[in-house]
Structure formats: C-alpha cells, structure tokens
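Below is one structure, written out as structure tokens, with a few remarks after it.
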Amino acid sequence: MLWLSPIYPSPQDDNGYDISDYQGVDPVFGTLPEFDALLTEVHRRGMRLVMDLVVNHTSDKHPWFTESRSAVDSPQRDWYWWRPARDGFEVGTPGAEPTNWVSLFSGSAWQLDDATGEYYLHLFSRTQPDLNWENAQVRQAVYTMMRWWLDRGVDGFRMDVINFISKDVALPDGPRLPDGLLGDGSSSYISGPRVHEFLQEMHREVFAEHAERLLVVGEMPRVTVEDAVLFTDPARGEVDMVFQFEHVGLDHGLSKWDHRPLRLTDLKASLGRWQAALAEKGWNSLYWNNHDQPRVVSRFGDDGRYRVESAKLLGTVLHLHRGTPYVYQGEELGMTNAPFQAIDDYRDIESLNHYAYEIGVRRTPPDQVLAALWVKSRDNARTPVQWDPSAHAGFTTGTPWIPVNPNRTEINAAAATADPSSVWHHYRRLIKLRHHEPVVAVGDFTMLLPDDERVYAFIRRLEDVALLVVANFSPAKADAAVPDAAEWAVSELVLGNYPDVVEGLRLRPWEARIYRRTLAS
Ligand code: GLC
C-alpha cells in the first residue's frame, strides 16, 4: 500500500499541508488524469493507494477561507474560528489575541485580519487557518470531498492531526510556557470533547459501505494509549489505527529542539506498553520515520561505521512488532540526516519559524539554533530520494527545491538493488517474512529484558510457533541474556543482519537476529 503525502493544489507553505483545493492535483506533481493513471497502475500491481487528508485546517488561499474572511456576516464566517480581541485590549496590541495559545509553528496561534478587525485561529502556520468542525456544513463538505476520492478508487486516508479537530468551544487560556510569553492550549484541542463523535459520524457517512477495503489511519500527536484503544476498537467504528508519537518524543527535552540521547530502556518501556495496551482491542501502526521525523539511522542508529548494520537492525526490530509497519521513502536505503550548514539550506516552515523566533524574540545565538535544527529539523527527511549517484541523485535534471544529500554517491537505490547485502534487500526479506509467517502478523508479543541498556529482545508467539528477536543497540559486543538462551541459540536462525553466523547469543555491534522454534503446546 502506498501513502502519498498531500499532492493537492497548494501554495506549498507547509509542503502541501496547506491545501487550497481538495479536489485537484498541484501542477508541481502532475494532473488529475496522471493521478488516475497512477492509481490504475498501482491497482494493476495488486497494490493500494492511500491519500493524505488534511482537514483540521485549509490554506488561507482556499475559497472557503477567502469567503469566510470577506465579512463578519459572510455565510461561511463560522467555518473557521474567528474571535474579537481580548476584553479590555485594543485590537492589534500585544496580549490582545483571544487566547494565549502558542502555535505549533512558533508565535501566537491567532492572526489578526485587518479587513474585519478579528483574529482567526491557526494551530499551525498563519497560512493554515483551523476549520470549525462544530459547524455541520463544514463536516458535510469534508465528507462529500472524501467520497469523491473514494469514488475515484482511492483505498483510504492518512488523516492529518485528526485528533485536533474538536476544540473546547470556550477556548480557555492554557498554562504559561517556561519562557513566560505564551501558553499551551493543547488540553483544549488534543482529543477534544467531540472528537470520537466526529470520527464516528465520518465513519458512518464516508467509510461504512467500503469499510472492508479501506485503510484509515489517524495521525494523532500526543494521543494517549487509553484514547488509542477507543479510536481503534473496531466495534466503535472510528479509525483502523493511529500514528502515536511517544517513541519519537523520547529524545526530546523541554521541547523537540532540546535534544537528549535516547535510552534504550525508555524505548522498550514505551513500545512495550503500546503493544500490551492494544493486544486485545485495537491495532498499532509501527514507524520510525515519516516526513516530520529525522532519519532513524542517524537518530537511533549509527550513520557512520555501522550504518548498514544499524539500519537493518532498526528495520528488523520494528517489522517484528505486532501492528502495521510503515516504510518512509529512503528508509529502505538507509538514508541519513541532511548535512545542512546554514539556515539558507532549510525549507521547512517549522524550522524557519523556530529559527526566526529564537534569533529575533529570544536572542538565542544562531549556532545554538542551527545545532538543534541539524538534529531535529523535518528537512532531514525531506531531501530528494537517492535513486542513483548522479548530480541530483536521479531525482531531477533540473534544480531540486532542496539540496540533495551528498552521500548519494554511496547511498542510492541503484547500488542497493544491485547488492544482495543492502538495507533494501533486508527490508524485502522482512516484508516477505511477514507475508509468510502468520506469527509476525498476528502472533502475540512479549517484551524481554526491560532493564537491559543495550539489548532489545522480545518473543512473538502464535499457537506452537515462537520467534525470538534479539538486537544489540550498541557498537560493542553484548550478550542477549534471555530465558532459555541455550535452546534459542541452537534453533533456526530465520534472519540476521550479518553475513556469517556465530554460535551462542553473543551479539556483535548492531547485530540483530530472528530465531524460530516450534514449541510443545
Ligand atoms: C502533520 C503533518 C505535518 C504538517 C502538520 C500540519 O503533523 O504530518 O507535516 O506540518 O500536520 O498540517
């Protein structure tokens, strides 16, 4: 199944997550007939295609917003969140914003619109006004658009920040942030009061008659595991699975820009808790990477000496969990973070706004901000896919919109497909294993060695078949001290990331192995 990030017409202020027309294709990507041809070819190959659905907000260039902002008495005024200045404040003065909420892309979440003297809410950039889901016409317009894509043949949706669509209509101020300037409004919009109701309505209106053939995954920043059970319980008719963010927040300090090294024990505790919580009801999605996260081999692996081994190890660990694994473009090649030196190299609005805010408002030294971007910027994952070693990595013969990673000469698809020991071939083996071994897809999951700082170990079991996965997240040798180690060590080695086999459960640097046993029932 292929998931496309937004391809709709867009001013591209947030890489297409600011949509100005939900029912078209941006010329930068092609045309609607070309999209239809893609869909046909995908289906002909026995694959499916999932679209990104961005309906928490539109672009400020969307006709709905143009109409809404045109006058206070516009019939579509209420399609967005408009509010007057705070009581006792003059419009446009500091502190006059209707609430103290910070935007997820820095600064206030409210933008004054001079034409009518009111403010509109934008949880993301000021070019991404939030839709008002309280308004039934908004919901119906969204459902109509979704049905239009389903009728065209698409196979489901990845729903952008879908747990933000219901807001506490009182819009209360949030607790002040450590820097004292703005407040955190997230308790008023994360999994807000009517979110389950809205998703159930969407399910009835859009998905119900196609439910068996569709995949619906909700992107849900800061979703709790308790809420995820509710969102994904099939009996409730909401979504099939959620993208949660706990494991990709473990190297955050006070904010994502404040880096602290990952502790393996935290990773095991987090992923293990999600595995356990969604074991009976609901379902997990599994991912290391997407267009918002730094490259995992640079982040949780070793993108130097052990790049290939650690990329394979990370793939092995993730794909052997219970849930639906996602592979982000280039992850299967072991692509690494971008070596950007200067702010001019960056394109991502979150990164650029953060830089401007830190330099302009907080007077942070530029080097310090660049060091944080180097590690966490979303642009790390957005450099062009490396197809071959040529100048722009085979991505374009023109000038790419963001620099290509210079390591294209070594890391590229042409080299990876030609080399049987590549990360790419390893990912194919992992996917094949899931297709052939039912225990990978539906077996239960038991985490082992929760306190071990270097070895990640777990068991999958389905009836009399058991798999043991052991992975050494370190550049030194490590013993996998699992129960029944002697029996496991002589059982069938299904897959590993080293070319040769050594006896025992002493793992080499960044080594991962999968063993299989048939147990007496
Ligand atoms: C989601 C997208 C991200 C985008 C944001 C606003 O988190 O994945 O790329 O910037 O929503 O739409």
Side-chain angles (χ1 to χ4, degrees), residues 3-22 26 29 50-62 64-65 80-81 101-107 109 111 120-131 133 142 157-167 185-186 189-192 195 216-223 239 241-249 252 255-257 285 287-296 326-331 346-355 373 376-383 401-402:
W3 150 29
L4 294 183
S5 282
I7 57 163
Y8 315 96
S10 161
Q12 302 293 338
D13 207 41
D14 181 21
N15 284 91
Y17 283 91
D18 48 322
I19 297 170
S20 54
D21 173 5
Y22 285 118
D26 194 290
F29 298 118
V50 169
M51 298 291 275
D52 223 300
L53 181 85
V54 189
V55 290
N56 173 69
H57 45 269
T58 66
S59 160
D60 64 343
K61 300 292 182 307
H62 194 290
W64 295 346
F65 189 72
Y80 294 84
W81 295 87
W101 298 2
V102 68
S103 149
L104 289 144
F105 287 167
S106 305
Q111 175 67 26
Y120 64 85
L121 175 68
H122 60 88
L123 293 181
F124 294 90
S125 96
R126 61 185 172 73
T127 64
Q128 294 167 296
D130 281 55
L131 280 165
W133 276 69
V142 168
F157 297 98
R158 173 269 186 193
M159 306 201 292
D160 193 65
V161 291
I162 203 71
N163 62 330
F164 289 12
I165 57 176
S166 163
K167 278 102 177 156
S186 60
Y189 59 78
I190 290 187
S191 303
V195 67
V216 180
V217 49
E219 189 217 19
M220 300 200 179
R222 297 192 28 199
V223 67
V239 300
M241 60 191 107
V242 305
F243 287 131
Q244 57 95 3
F245 286 73
E246 204 177 274
H247 65 300
V248 290
H252 296 182
S255 77
K256 80 177 243 178
W257 307 109
S285 59
Y287 76 95
W288 292 131
N289 272 123
N290 58 42
H291 62 290
D292 294 329
Q293 301 296 329
R295 292 280 179 186
V296 71
Y326 289 75
V327 181
Y328 176 66
Q329 55 180 23
E331 176 183 338
Y346 290 90
R347 302 288 179 270
D348 165 34
I349 187 168
E350 180 193 40
S351 304
L352 297 177
N353 283 4
H354 173 67
Y355 184 85
L373 294 186
K376 291 282 172 53
S377 171
R378 306 193 297 180
D379 277 340
N380 280 309
R382 296 178 179 191
T383 58
W401 65 283
I402 192 171

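When a ligand or atom number is given, it counts from 1 through the structure's own listing order.
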Legend entry - atom 5 (C) of ligand 1 - nearest protein heavy atom and its distance: Phe124 CE2, 3.8 Å
Legend entry - Enumerated ligand 1 atoms positioned under 4.0 Å from heavy atoms of His57: 6 (C), 12 (O)
Inset, instruction - Would you mind checking which non-hydrogen protein atom is closest to atom 2 (C) of ligand 1, with the distance to 0.1 Å? - result: Asp160 OD1, 3.0 Å
Inset, instruction - Heavy-atom contacts with Arg378 under 4.0 Å: which atoms of ligand 1 show up? List them by number with element. - result: 3 (C), 4 (C), 9 (O), 10 (O)
Inset, instruction - List the closest protein heavy-atom neighbour of atom 9 (O) of ligand 1: residue, atom name, distance to the nearest 0.1 Å. - result: Asp292 OD1, 2.7 Å
Legend entry - Phe105, portion touching ligand 1 at heavy-atom distance under 4.0 Å: side chain
Inset, instruction - Could you check atom 7 (O) of ligand 1 against the protein and tell me its nearest heavy-atom contact, residue, atom and distance included? - result: Glu219 OE2, 2.9 Å
Inset, instruction - Hey, could you give me the OG/CZ distance between Ser10 and Phe29, rounded to the nearest 0.5 Å? - result: 8.0 Å
Inset, instruction - With heavy atoms under 4.0 Å as the rule, classify the contact between Glu350 and ligand 1 as side chain, backbone, both or neither. - result: neither
Legend entry - Close side-chain approach of Leu104 to Phe164, heavy-atom, < 4.5 Å: yes
Legend entry - Distance from atom 4 (C) of ligand 1 to nearest protein heavy atom, with residue and atom: Asp14 OD2, 3.4 Å
Inset, instruction - Would you confirm whether Ser285, through its side chain, and Val242, through its main-chain N or O, come within 3.5 Å as a donor-acceptor pair? - result: yes
Inset, instruction - Applying side chain to side chain contact (heavy atoms under 4.5 Å, CB included), run through Phe243 and Arg158 and close with a yes or a no. - result: CA-CA 9 Å; Phe243 287 131; Arg158 173 269 186 193; 3.7 Å; yes
Legend entry - Identified side chain to side chain donor-acceptor pair (under 3.5 Å) counterpart of Gln128 within the set Asp18, Asp14, Thr58: Asp14
Inset, instruction - Under 4.0 Å, heavy atoms only, figure out whether ligand 1 is touched by the backbone of Arg382, its side chain, both or neither. - result: side chain
Legend entry - Reported OG-to-CE distance for the pair Ser191 and Met220, which is rounded to 0.5 angstrom: 6.5 Å
Inset, instruction - Under 4.0 Å, heavy atoms only, figure out whether ligand 1 is touched by the backbone of Arg158, its side chain, both or neither. - result: side chain
Inset, instruction - Please work out whether the ring planes of Tyr287 and Phe245 are parallel, tilted or perpendicular, with thresholds of 30° and 60°. - result: perpendicular
Legend entry - Centroid separation Trp81 to Tyr189 less than 6.0 Å: no
